[in-house]
Novice: 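Here's a structure for you.
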Amino acid sequence: MNDTGSTLTHLEGALSGTAYPADELMGPDPADRRPLLARYDIEKAARTLTAESLSGRRSAGLWRWAELLPVRDRRHVVYLGEGDTPLLAQHRLGEALGVPHLATKAEGLNPTGSFKARGMAVAVSRAVELGVTSFIAPSAGNAAGALAAYGAAAGAQVTVLTPVDATPVNQQEVLAMGARLILVEGLISDCGRISTALAGRIGAFDVSTLKEPYRVEGKKTMGFELAEQRGWRLPDVIVYPTGGGTGLVGMWKAFDELEALGLTGPERPRMVSVQSEGCAPIVRAFEAGERFAEPWKDARTRASGIRVPSAVGDFLILGALRESGGTAVAVSEDSISEMQAFAGRMGAGYVSPESAAALAAVPSLRDRGEVGRDDEVVVFDCGVGQKYPPPRYLPEPPVVDPADLDINALAQSLR
Ligand SMILES: Cc1ncc(COP(=O)(O)O)c(C=O)c1O
């Protein structure tokens with residue numbers, strides 16, 4: 001009666017290939033501490049997960065893809081409206097950047113203002129199904145907000161660790177939703193080490209990026225939606241601001257699952273990872289032809305979500321970039337700030353610095369010949385700009401006193 005129709009069969013070590021039972025609470029692969037990936041009975045899923053059945057499942061957000069999600073009992077689904085974000089054509093911005101067929105996936109419209117909601121919705125729901133009542137995670141900020149929201153909705157306790165300079169809005173939202181916040185004098189990697197050490201000691205389940213199998217399942221729905229929104233045709237290029245890389249890894253998995261379902265063919269988009277010049281471990285490893293990425297020392301960027309010096313899923317990210325014929329690009333801090341203001345002026349909304357980084361990579365991809373004018377390009381606009389300190393290059397607004405206003409002078413200045 002409450003069966004979601006999930007066809008989850010087992011978990012598989014992404015590096016070790018070892019199979020594990022699906023219905024036990026699992027962290028990373030016990031064999032190598034690398035990510036575990038969920039596997040499904042796709043043949044069974046294909047019987048009910050069709051283009052027609054999906055279009056009849058409105059108002060369930062990402063849970064429309066239930067057959068390829070891990071939660072088995074509907075009563076455990078914690079739904080706050082995540083998923084089904086629009087794919088927006090960006091004609092003016094695209095023309096200005098040399099790619100007229102540009103679209104952005106507006107992930108800031110998810111609950112808590114970023115795509116982190118997708119991963120946390122699925123990870124929290126599934127963990128609650130397996131008996132978890134307390135969660136812990138390190139975060140740059142947006143994942144903390146999302147975990148606080150889903151944890152509160154599930155009635156679970158949440159503890160989050162963020163760098164001490166995480167944006168004040170992120171800190172406030174976490175506290176307002178009743179989570180326990182610990183500020184760490186360091187980077188997200190330091191938060192991660194403390195989170196893992198605390199988890200066992202306080203009886204909390206560690207939902208760090210790719211250290212449990214289901215956040216990536218939530219994030220893969222971005223790939224499903226993209227295909228559906230484009231009439232089951234994938235774009236030529238996907239540009240993704242990359243920190244831990246969960247969304248990129250998730251979408252790459254989603255494309256295989258869609259092909260196995262018979263909804264799309266063997267063609268794949270070229271996947272592009274974008275990082276900041278101040279923290280670019282994936283770009284460096286990509287360029288050096290390495291399978292794994294060395295941790296980045298002294299990581300700095302105002303795009304805090306991509307200030308990730310070392311990613312557990314590095315080999316999965318690098319594998320997807322190479323297999324897809326894609327690439328990895330580092331952008332300057334100046335270009336991130338400039339693009340935040342430029343994208344806004346071009347009608348793309350007030351985007352986060354991470355989204356701006358992804359957009360800022362487009363002109364250099366054009367210059368390098370990696371993206372052509374006729375390519376259909378989708379840039380992931382992962383979160384809203386409102387949570388961050390403002391970009392530089394904003395004009396200073398005039399302040400007027402209504403009691404002492406020279407309206408003609410004001411009008412003159414605005415002409
Ligand atoms: C707005 C935003 N964009 C991009 C990222 C990077 O996401 P991922 O860890 O999937 O690479 C984050 C992560 O915090 C984020 O908050």
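Each ligand, and each atom within it, is numbered from 1 in the order the structure gives.
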Novice: Going by side chain to side chain contact (heavy atoms under 4.5 Å, CB included), Glu257 matches just one of Thr264, Leu49, Leu68. Which one?
Specialist: Leu68
Novice: Between the main-chain N or O of Thr85 and the side-chain N or O of Gln229, is there a donor-acceptor pair closer than 3.5 Å?
Specialist: yes
Novice: For atom 6 (C) of ligand 1, find the nearest protein heavy atom and state the residue, atom name and distance (0.1 Å precision).
Specialist: Gly305 O, 3.5 Å
Novice: Using a 4.0 Å heavy-atom cut-off, which part of Asn142 comes near ligand 1: side chain, backbone, both, or neither?
Specialist: side chain
Novice: At under 4.0 Å between heavy atoms, is it the side chain or the backbone of Phe380 that contacts ligand 1, or both, or neither?
Specialist: neither
Novice: Taking both backbone and side-chain atoms of Lys116, is any N or O found less than 3.5 Å from an N or O belonging to ligand 1?
Specialist: yes
Novice: Within a strict 4.5 Å, meaning less than it, do heavy atoms of the Arg33 and Lys211 side chains meet?
Specialist: no
Novice: If you apply the rule side-chain hydrogen bond (donor to acceptor under 3.5 Å, both in side chains), what do you find for Gln340 with Arg302, and how did you get there?
Specialist: CA-CA 12 Å; Gln340 250 189 307; Arg302 62 182 295 268; 2.7 Å; yes
Novice: Any idea which protein heavy atom is nearest atom 9 (O) of ligand 1, and the distance to it?
Specialist: Gly244 N, 3.0 Å
Novice: Of all the heavy atoms in Ser114, does at least one lie under 4.0 Å from an atom in ligand 1?
Specialist: no
Novice: Has the side chain of Thr50 got a donor or acceptor atom that lies under 3.5 Å from a matching backbone atom of Ser53?
Specialist: yes
Novice: Do other residues, nucleotides or ligands put more than 12 heavy atoms under 6.0 Å from Arg300 CZ?
Specialist: no
Novice: Heavy-atom contacts with Pro241 under 4.0 Å: which atoms of ligand 1 show up? List them by number with element.
Specialist: 4 (C), 6 (C), 11 (O)
Novice: Would you mind checking which non-hydrogen protein atom is closest to atom 10 (O) of ligand 1, with the distance to 0.1 Å?
Specialist: Tyr240 OH, 2.6 Å
Novice: Among Arg118, Lys220, Arg230, Arg64, whose salt bridge (charged side-chain N to carboxylate O under 4.0 Å, His left out) with Glu225 holds?
Specialist: Arg118
Novice: Can you find a side-chain donor-acceptor pair between Arg368 and Thr327 that sits under 3.5 Å?
Specialist: yes
Novice: Among the heavy atoms of Thr209, does any lie under 4.0 Å from an atom of ligand 1?
Specialist: no
Novice: Can you tell me if Glu294 has over 12 outside heavy atoms packed within less than 6.0 Å of its CD?
Specialist: no
Novice: If you measure every N/O of Thr246 against every N/O of ligand 1, is any gap under 3.5 Å?
Specialist: yes
Novice: Report yes if some N/O of Gly245 lies less than 3.5 Å from some N/O of ligand 1; otherwise report no.
Specialist: yes
Novice: Can you sort out which atoms of ligand 1 are near Thr242, meaning under 4.0 Å from one of its heavy atoms?
Specialist: 11 (O)
Novice: Go through ligand 1 atom by atom and flag the ones less than 4.0 Å from a non-hydrogen atom of Gly247.
Specialist: 10 (O)
Novice: Give the numbers and elements of all ligand 1 atoms closer than 4.0 Å to a heavy atom of Tyr388.
Specialist: 1 (C)
Novice: Please determine whether the number of non-hydrogen atoms from other residues, nucleotides or ligands lying under 6.0 Å from atom CZ of Arg75 exceeds 12.
Specialist: no
Novice: Any N/O of Lys219 closer than 3.5 Å to an N/O of ligand 1?
Specialist: yes
Novice: Considering only NZ, NE, NH1 and NH2 on the basic side and carboxylate oxygens on the acidic side, decide whether Glu67 and Arg47 come within less than 4.0 Å.
Specialist: no
Novice: Would Glu107 count as a contact residue for ligand 1, given that I'm defining contact as a non-hydrogen atom of the residue lying under 4.0 Å from a ligand atom?
Specialist: no
Novice: Less than 3.5 Å between some nitrogen or oxygen of Glu354 and one of ligand 1, yes or no?
Specialist: no
Novice: Examine Gly243 against ligand 1 and note whether any of their N/O atoms are separated by less than 3.5 Å.
Specialist: yes
Novice: Please say whether more than 12 non-hydrogen atoms of neighbouring residues, nucleotides or ligands are located less than 6.0 Å from CZ in Arg58.
Specialist: yes
Novice: Could you establish whether Phe115 and ligand 1 come within less than 4.0 Å of each other, counting only heavy atoms on the residue side?
Specialist: yes
Novice: Would you check the N or O atoms of Ala140, main chain and side chain alike, for any that come under 3.5 Å of an N or O of ligand 1?
Specialist: no
